[in-house]
There are 2 protein chains.
Amino acid sequence: MDSAKPSLDLVRSVTDVHVLRALMRHRRLTRAELAAQIGISKPTAGESVRRLTERGLVADTGERTPGGRGRGRVGSYYALAPAVGVALAVTIAPEGVVAECLDVYGDALARTMREVDRPARPDHVAAALRSAAAEVRDAADHPVRATVVSAADPVDRATGRLVQLPDAPFLVGELDPVAVLAPFAGGPVVVDNDVNWAASAERDSAGAEHLRDFAYLYLGEGLGCAIVNDGEIRRGRSGLTGEIAHLVTAGPGGRAVRFIELFGELGLRRHGSTAIDVGRLLGSGATTREVIGTAVAGVVAAVIALADPQEVVVGGSWGPALLGDIGAATARLPRHVPVRATALTGEPVMAGVRAAALDHLRASVTADG
Amino acid sequence: MDSAKPSLDLVRSVTDVHVLRALMRHRRLTRAELAAQIGISKPTAGESVRRLTERGLVADTGERTPGGRGRGRVGSYYALAPAVGVALAVTIAPEGVVAECLDVYGDALARTMREVDRPARPDHVAAALRSAAAEVRDAADHPVRATVVSAADPVDRATGRLVQLPDAPFLVGELDPVAVLAPFAGGPVVVDNDVNWAASAERDSAGAEHLRDFAYLYLGEGLGCAIVNDGEIRRGRSGLTGEIAHLVTAGPGGRAVRFIELFGELGLRRHGSTAIDVGRLLGSGATTREVIGTAVAGVVAAVIALADPQEVVVGGSWGPALLGDIGAATARLPRHVPVRATALTGEPVMAGVRAAALDHLRASVTADG
DNA sequence: CTCTTCAAGACAAGAGCCCTGACTAGAATC
DNA sequence: GATTCTAGTCAGGGCTCTTGTCTTGAAGAG
């Protein structure tokens, strides 16, 4: 803390935090190893372990130096106690709900999923959410210290509720994940939309250590965008940063159209819905793809103007497939920014959610109480 | 620090920082008052003052409690020593250069200005800069710990150099303020563009305590925009966030045009220049103003989509004058965000520069060396 | 003019945290 | 079984903060 009052307690608590962090990195350490890791004396390390054991945050593992590594006396290995708790990582998409339970080392202790009928009915989703959360929590049987949720719809920053924006598909629907998950959560419940979590995973991915300013353009059934600036996801006043459906861009014949309307004009929206028909879009001809590329370039021009990214990463179910058309159109922009497809495979959204859940859990341990 | 090693020095340095900060707020205090302010004991406060006096950061003012406020023994007033140094606040605009020298309380010790011929010649501007900086530095005669500079052109974030963007007016021109001011600066030289500083002042203005996410739209000879997110000015990868000249928006007849091109089509750019002719723009008729309002609304739509501001503040030489037309057009956007003119009078840019200079100076004192 | 009042500042004692260095404990190696 | 080497403990010392007492010195009262 910067505003903490100067006192001896301060330095003691700093010592304890260092010990806890060292145990997060190395899982189990003897007191001598702790002292060496942190750069403190052995007696100090021993005292800190004693205090933390008393508070139930650290426990003697019983292990006594497994493989002979030297010949001296064996040490007692200490590790974080199970009572430090777990975090829940949850994703909510129209296809279903996935919940995982993570320990403080980031390992998944349990995972489950619930499918949901399409179109999603909010009460059905809420029930799936409750059921999945209960299952993974009970499987781990440790206190839940933090819960991080991804949703496939825009999320209100102040309340965590899913919100419907005009003319955009409402994939999951009216839902209040904070309220639904509160009975399972012993700590904060953080909700954000899936595009932001995917961008978060992109930022943390290998080889992206210096990628502190970029935009993640999600082009799928819905249209979204995440802005990462100075290494942080930017959410804006309401959490609606990146809701690009109504951005004005260049449409067919050089007319100014709102981005989402373009797909209506091209007949690429699903019947009776505001969602984009991805199958038909992917099957469209060169002319249509060129029109879409130009429109996306207009969006990229706006991103360049207002976010100044190092690069633009394209994801979503059809974005990477049209990367050629998008790249050709963005190359004509006055300011050049590389546009590339996402490098992530597997579950980028869950990866971002997991990382955030782990951060919150670890923060709850070191801030403790 | 969070990663500081636990030791007794840590708590001592925290104490010293508290004392320095208290003296920044209250200018002069006795040791007893310091103890009460910070919440530490009198002996501790006395020891800290002794240490800081020895290091030359604090000095006995000689004052001895002027107005009788009680009848007990009078105390010695201590204050920050002149050796803590000063900060330079500099603005560079095509009209000229202004330089101020600020002490650690934010008071201007000296101020001077140099006019510059239009169009600005870079070597002429650099000479004016040197001359003005030398004058205010010599007037104050204390070491310069920080220098903050505003420039009326885009600023490269990595180098602090002014950069020319395609198709935008280059008002000041090729200039490297960091190199020019290095001989006068005993600390960091921070450079950013004037729109960002004006937005910074808007954020700090009275009544805007909860304004952490907003956009500042500058509409004058040049076009600019500042994005404030989570209370911080966002600069992006290169420092070019807010360079909106090439944003695609709605032009005459519903065509998609780049924002800056609109003014060329309307014949509102100055002859032989890329700058907007503000006089002619302000004299234009209702139809033209409506077209401009619609185009600005397209820009606002992009800002809403990519920054999600709480409100949009409009400044610049013609922006506030067209607020009616802009407001009418933005009211038709699907998502509503209040658009208002800037409330600041006087010198908003210099106000933002001053505040940043003071922050850097104070940080240099508490971080010290 | 002297005495009283009362807060500033100094001094002393005590507690807490960390460090160094020496000592004890205990398992693997020889 | 003796040796070696490291984990963990103990004792002494330094530093910082705190509480409480004492001294100092100017303002106010008489």
Side-chain angles (χ1 to χ4, degrees), chain A residues 1 4-19 22-23 26 28-55 58-79, chain B residues 1 4-19 22-23 26 28-55 58-79:
Chain A
M1 294 284 187
K5 281 203 344 190
S7 89
L8 280 308
D9 299 10
L10 192 156
V11 40
R12 191 186 49 186
S13 78
V14 169
T15 301
D16 289 356
V17 167
H18 275 255
V19 169
L23 287 174
H26 296 95
R28 62 194 221 295
L29 293 167
T30 66
R31 285 173 240 187
E33 288 170 339
L34 275 169
Q37 276 286 329
I38 300 170
I40 58 178
S41 66
K42 287 194 287 175
T44 302
E47 258 306 291
S48 180
V49 166
R50 195 196 54 69
R51 279 194 300 268
L52 293 169
T53 305
E54 209 162 59
R55 280 167 51 191
V58 163
D60 189 335
T61 60
E63 294 178 269
R64 292 285 179 277
T65 188
R69 54 105 194 235
R71 53 166 98 178
R73 171 180 177 179
V74 300
S76 304
Y77 279 106
Y78 289 84
Chain B
M1 295 283 187
K5 283 211 331 197
S7 89
L8 279 308
D9 298 10
L10 191 156
V11 43
R12 190 187 46 185
S13 78
V14 170
T15 301
D16 289 355
V17 167
H18 275 256
V19 168
L23 287 175
H26 296 95
R28 65 195 218 294
L29 293 167
T30 66
R31 284 173 246 187
E33 287 168 341
L34 275 168
Q37 276 286 329
I38 300 170
I40 59 179
S41 65
K42 286 195 286 176
T44 302
E47 258 306 292
S48 180
V49 166
R50 194 196 54 68
R51 278 194 301 269
L52 293 170
T53 304
E54 209 163 58
R55 279 167 52 193
V58 164
D60 189 335
T61 60
E63 295 177 89
R64 293 283 178 278
T65 187
R69 52 110 193 236
R71 53 166 96 178
R73 173 179 173 178
V74 297
S76 304
Y77 278 110
Y78 288 85

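Every chain is numbered from 1 and lettered A, B, ... according to where its sequence line falls, protein lines coming before strand lines.
- In this structure, the CD1 atom of B:I40 is 11 Å from the P atom of D:dT19, given to the nearest Å.
- A:S76 approaches A:D60 most closely through the heavy-atom pair CB-OD2, 4.0 Å.
- Mapped onto DNA chain D by nearest heavy atom, A:P6 and A:S76 fall at different nucleotides, with A:S76 at the one closer to the 5' end.
- Residues that satisfy the side-chain contact (heavy atoms from CB on, under 4.5 Å) test with A:T44, not counting sequence neighbours, are A:T15, A:I40, A:S41.
- Nucleotide D:dC10 holds its C1' atom 15 Å from the CZ atom of A:R50, rounded to whole Å.
- The CD1-C1' distance, from A:I38 to C:dC18, rounds to 13 Å in whole Å.
- Between D:dT16 and A:S7, no contact under 4.0 Å exists linking OP1 or OP2 to a side-chain N or O.
- Of the candidate nucleotides D:dG8, C:dG9, D:dC15, C:dG9 has the atom lying nearest to any side-chain atom of B:A32.
- Considering only heavy atoms from C-beta on, B:L10 comes within 4.5 Å of A:L10 through its side chain.
- Put simply, CD on A:E47 is 14 Å from P on D:dG8, counting in whole angstrom units.
- For the pair A:R12 and C:dC17, the criterion of a side-chain N or O lying under 4.0 Å from OP1 or OP2 is met.
- Mapped onto DNA chain D by nearest heavy atom, B:V11 and A:Y78 fall at different nucleotides, with A:Y78 at the one closer to the 5' end.
- The separation between A:R51 atom CZ and C:dG16 atom P is 12 Å, rounded to whole Å.
- For A:A45 against A:R31, the heavy-atom pair with the smallest separation is CB-O, 3.7 Å.
- In terms of phosphate contacts, A:T15 brings no side-chain nitrogen or oxygen within less than 4.0 Å of OP1 or OP2 of C:dC17.
- In this structure, the CG atom of A:L10 is 16 Å from the C1' atom of D:dT18, given to the nearest Å.
- Going from atom CG of A:D60 over to atom C1' of D:dG8 covers 13 Å, rounded to whole Å.
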Polar atom pairs (N or O), protein with nucleotides 20-26 of chain C, under 3.5 Å:
residue, atom, partner, partner atom, Å
C:dG26, N2, A:R73, N, 2.6

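- B:E54 has no carboxylate O lying under 4.0 Å from a charged side-chain N of B:R51, or vice versa, which leaves the two without a salt bridge.
- In plain terms, the two heavy atoms of A:L34 and A:A22 that are nearest each other are CD2-CB, 3.8 Å.
- Considering only side-chain N and O atoms, B:R31 lies nowhere under 4.0 angstrom from the phosphate OP1 or OP2 of C:dA7.
- When the C1' atom of C:dC19 is taken as reference, atom CG of B:D9 falls 12 Å away, rounded to whole Å.
- Of all the heavy atoms in B:L23 and B:Y78, the pair that sits closest is CD2-O, 3.4 Å.
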